[in-house]
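Bear in mind that the values here come from a model prediction, so they are computed numbers and not experimental data. Below, each value reflects all heavy atoms present in this structure, side chains not excepted, and no hydrogens, waters or symmetry copies. Chain identifiers are assigned alphabetically (A, B, ...) following the order of the sequence lines, protein sequences preceding nucleic acid strands; residue numbering begins at 1 within each chain.
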2 protein chains.
Amino acid sequence: MEKKVTIQDIARQAEVAKSTVSRYLNGGSVSPQTRRKIDEIVRKNQYIPNTFAQGLKQEKNRTIGVIVPRLDSMAQVEMLRGLDSANQNDTFLIANIYQDPIRELAAIKKFIAQKVAGLIILTANLTDEIRQTLLDADIPVVLQGQDEPDFARVMMDDQQAGKVVGQYIQTLAPKNVLILNVDSKLDWAVGYERFQGLKAALANIPHQEIITTFKRQTAKLDAAKAMSQQHYDLVIGATDAIAVGAMQAGFELNQQSYYLGFGQSVYSEIVSPELTSFEFNFFETGEQIYDLFQKIRNEANIRPLKIVIPGQLIRRASTKK
Amino acid sequence: MEKKVTIQDIARQAEVAKSTVSRYLNGGSVSPQTRRKIDEIVRKNQYIPNTFAQGLKQEKNRTIGVIVPRLDSMAQVEMLRGLDSANQNDTFLIANIYQDPIRELAAIKKFIAQKVAGLIILTANLTDEIRQTLLDADIPVVLQGQDEPDFARVMMDDQQAGKVVGQYIQTLAPKNVLILNVDSKLDWAVGYERFQGLKAALANIPHQEIITTFKRQTAKLDAAKAMSQQHYDLVIGATDAIAVGAMQAGFELNQQSYYLGFGQSVYSEIVSPELTSFEFNFFETGEQIYDLFQKIRNEANIRPLKIVIPGQLIRRASTKK
DNA sequence: TTGTAAGCGTTATCAC
DNA sequence: GTGATAACGCTTACAA
């Protein structure tokens with residue numbers, strides 16, 4: 001039953017032209033009487049305009065495509081919340097691409113075909129093909145997490161993060177440091193930038209760097225392997241999840257160590273001892289991303305802007321005697 | 001530059017009619033030569049078909065709208081992963097509605113206007129208006145978390161959960177039980193069903209029920225208030241997050257108690273002691289949801305199906321002496 | 001204020 | 001195998 005009711009049907013029943021109904025729908029000038037009449041009919045028929053037909057004409061759209069590498073990350077989810085919070089009048093289409101560049105490209109193309117008003121990409125790493133597709137599409141794009149000079153972008157200050165943590169490390173005077181990092185090819189900001197800042201601090205301290213993944217379980221296994229071979233009195237994880245994995249490995253090995261992570265996670269205040277961590281406010285970051293998007297959407301041909309979000313070191317029990 | 005390139009442009013450059021290009025695009029019969037020619041031009045121009053125009057014609061769509069009440073929940077995210085994993089050939093549009101029925105209705109209407117192939121709703125509670133809108137839309141709908149007889153649905157077996165936990169409780173022989181529940185108006189399955197099963201077990205045990213929220217922080221505060229007034233030797237949280245909040249409150253009050261939660265969370269294996277919890281496999285649930293969706297999409301007018309997902313009690317250190 | 005009519009980009013139906 | 005041509009449902013000049 002319930003075929004699809006079109007603007008034509010409404011017009012017929014209201015005994016007006018469909019252009020009048022269209023005007024009514026878009027706040028054009030309509031006399032109070034016809035307005036009331038249409039009002040009623042629209043309600044009675046539960047009429048919902050066909051977005052395809054609308055989109056076909058307007059080539060405009062209050063829809064923003066959002067690319068999310070992974071949803072099982074508090075950082076990402078918080079940023080989404082921030083987006084929603086700052087959101088004025090847009091609809092977000094979220095594509096979870098599981099850190100897969102193939103999926104990412106496909107999702108982006110799909111968004112473009114859907115004529116989204118723009119793209120917000122919470123990315124870890126941009127392939128050349130994706131970069132080119134984005135450039136060609138010529139729509140507003142805001143990147144997060146990747147310092148691409150061609151695009152507007154919001155970055156976490158990972159260099160500063162590394163530096164601050166580096167300074168803090170000095171005060172702990174560790175004898176032997178284990179660093180659990182991720183592949184910088186997978187996430188440049190985390191894998192590279194963040195640890196650049198640490199370098200100076202580590203210059204005179206024995207340390208070893210191991211590459212693991214973002215998954216706590218994997219990190220735990222990798223940490224256990226390393227920590228069973230020698231003792232580290234300070235373990236630094238590239239993320240909180242990694243640090244927590246290491247902490248669990250350390251406990252099982254009955255080792256005493258300091259632990260330190262990065263990011264803002266559900267973990268830090270849950271584990272005991274609570275985890276010292278360099279934290280960013282991802283919710284606020286999300287809001288900033290949206291604001292930046294608004295800016296570049298409204299001012300065409302603006303020079304690619306870059307916003308850097310600072311963070312701060314939260315000292316908790318995991319680095320206390 | 002890069003205006004939008006249409007099928008017309010391709011046709012002109014290839015010196016064929018646009019209907020030929022259309023056939024080419026949709027796998028119709030085209031001679032090898034023209035095929036090659038169009039091939040090249042399409043690639044050169046980076047042509048992407050306009051989904052609006054397509055949608056307008058086809059009235060069909062490989063897009064499924066997914067309503068998610070909250071993204072900061074491992075259960076939800078796992079189900080999304082399950083959906084993606086089972087996904088054959090569809091695109092999911094995710095709307096995060098922050099447990100807000102107003103947002104939910106708006107999102108659903110928007111999806112319908114977009115002529116989605118169907119709706120998957122991970123809901124906590126359905127308002128009458130939403131139910132009616134769904135019914136009127138007459139498209140495939142799969143619900144999760146709400147036992148609505150008019151819809152196909154996938155349910156966690158919350159009654160069984162309560163019952164199993166109830167039996168287990170007996171073996172713990174608690175003297176005084178604190179239950180931290182959520183408002184059943186907000187989430188019937190969790191707030192009501194789940195604790196129905198517990199009732200029998202609690203009949204002869206002194207217990208108190210307190211209503212709190214899904215947020216760990218709030219639960220912690222509410223738990224602290226209750227636990228500072230009297231001692232409970234067993235604390236049951238309606239979710240893991242709630243149980244962990246209570247656990248933290250208990251530690252700060254220096255109290256000794258058993259703790260027990262529900263759900264599958266990042267928490268259970270992170271806290272110490274690790275949390276005993278009745279767990280569901282939400283990833284698999286997501287896969288089941290998608291399969292069910294496929295079924296009702298293909299067989300019109302099928303009687304509303306109901307799938308119940310069992311769970312199991314995972315005993316961990318938090319309920320051990 | 002209202003109606004008429006011309007598209008928007010695509011697919012589908014026919015002739016050729 | 002190919003090409004006109006008519007929809008699809010809506011917006012928008014332009015007339016009335």
Side-chain angles (χ1 to χ4, degrees), chain A residues 2-39 41-42 45-63 109-117 137 139, chain B residues 2-39 41-42 45-63 109-117 137 139:
Chain A
E2 292 279 359
K3 280 279 154 231
K4 61 243 149 174
V5 27
T6 77
I7 201 173
Q8 191 58 278
D9 301 325
I10 304 294
R12 247 192 304 267
Q13 292 186 46
E15 297 173 307
V16 295
K18 55 180 185 169
S19 49
T20 306
V21 179
S22 176
R23 251 179 286 115
Y24 155 89
L25 290 167
N26 300 290
S29 62
V30 183
S31 79
Q33 324 162 35
T34 44
R35 172 171 301 280
R36 262 205 319 271
K37 191 153 56 171
I38 299 179
D39 231 37
I41 305 204
V42 163
N45 294 45
Q46 298 233 63
Y47 168 70
I48 306 178
N50 179 326
T51 12
F52 289 102
Q54 286 181 313
L56 188 53
K57 260 320 249 195
Q58 305 187 150
E59 293 291 309
K60 261 267 166 86
N61 205 304
R62 300 295 293 184
T63 301
K109 285 198 167 166
K110 181 137 196 172
F111 278 148
I112 293 174
Q114 285 177 46
K115 298 268 185 291
V116 291
I139 56 175
Chain B
E2 294 277 0
K3 279 279 155 234
K4 62 241 149 172
V5 27
T6 78
I7 201 173
Q8 190 57 278
D9 301 326
I10 304 294
R12 247 193 304 268
Q13 291 186 46
E15 295 171 307
V16 295
K18 55 181 184 169
S19 41
T20 306
V21 180
S22 176
R23 250 179 289 114
Y24 156 88
L25 290 168
N26 300 291
S29 60
V30 184
S31 80
Q33 326 161 34
T34 43
R35 172 172 301 280
R36 263 205 319 271
K37 191 152 59 170
I38 299 179
D39 229 39
I41 304 201
V42 163
N45 293 49
Q46 298 232 62
Y47 168 71
I48 305 178
N50 180 326
T51 11
F52 288 100
Q54 287 182 315
L56 186 53
K57 265 316 259 197
Q58 307 185 150
E59 293 290 309
K60 260 275 165 82
N61 205 303
R62 299 295 293 184
T63 301
K109 285 197 167 165
K110 181 137 197 172
F111 279 147
I112 293 174
Q114 285 176 50
K115 298 268 185 290
V116 291
I139 57 176

Using OP1 and OP2 only, check whether a side-chain N or O of [X] sits under 4.0 Å from [N].
X     : N      : value
A/N50 : D/dC8  : no
A/T20 : C/dG3  : yes
B/S31 : D/dG1  : no
B/Q54 : C/dT11 : yes

Can you check the [X] [atom1] to [N] [atom2] distance for me, whole Å?
X     : N      : atom1 : atom2 : value
A/K37 : C/dT1  : NZ    : P     : 16 Å
A/I10 : D/dC10 : CD1   : P     : 9 Å
A/R12 : C/dG3  : CZ    : P     : 14 Å
B/Q33 : D/dG1  : CD    : C1'   : 10 Å
B/L25 : C/dT11 : CG    : P     : 6 Å
A/K18 : C/dC8  : NZ    : C1'   : 12 Å
A/L56 : C/dT10 : CG    : P     : 9 Å
A/N26 : D/dT11 : CG    : P     : 5 Å

Under 3.5 Å, N/O pairs linking protein and nucleotides 13-16 of chain D:
none

How far apart are the closest heavy atoms of [X] and [Y], and which atoms are they?
X      : Y      : result
B/Y47  : B/L25  : CE2-CD1, 3.7 Å
A/K110 : B/T63  : NZ-OG1, 4.2 Å
A/A11  : A/A17  : CB-C, 3.8 Å
A/A137 : A/I112 : CB-CD1, 3.4 Å
A/A53  : B/L56  : CB-CD1, 3.6 Å

Side chain of B/A17 - closest among D/dC10, D/dA4, C/dT10: D/dA4
A/S29 side-chain proximity, nearest of C/dT2, D/dG3, C/dT4: C/dT2
Sugar-phosphate only, base, or nothing, as touched by A/S22 at under 4.0 Å among non-hydrogen atoms: base
Sugar-phosphate, base or nothing in reach of A/Y24, heavy atoms under 4.0 Å: nothing
side-chain contact (heavy atoms from CB on, under 4.5 Å) against A/T34, all qualifying residues, sequence neighbours excluded: A/V16, A/V30, A/S31
Working for salt bridge (Lys or Arg N to Asp or Glu O under 4.0 Å), residues B/D39 and B/R36: CA-CA 5 Å; B/D39 229 39; B/R36 263 205 319 271; over 6 Å; no
Distance-only donor-acceptor test (3.5 Å): side chain B/K57, base D/dA7: yes
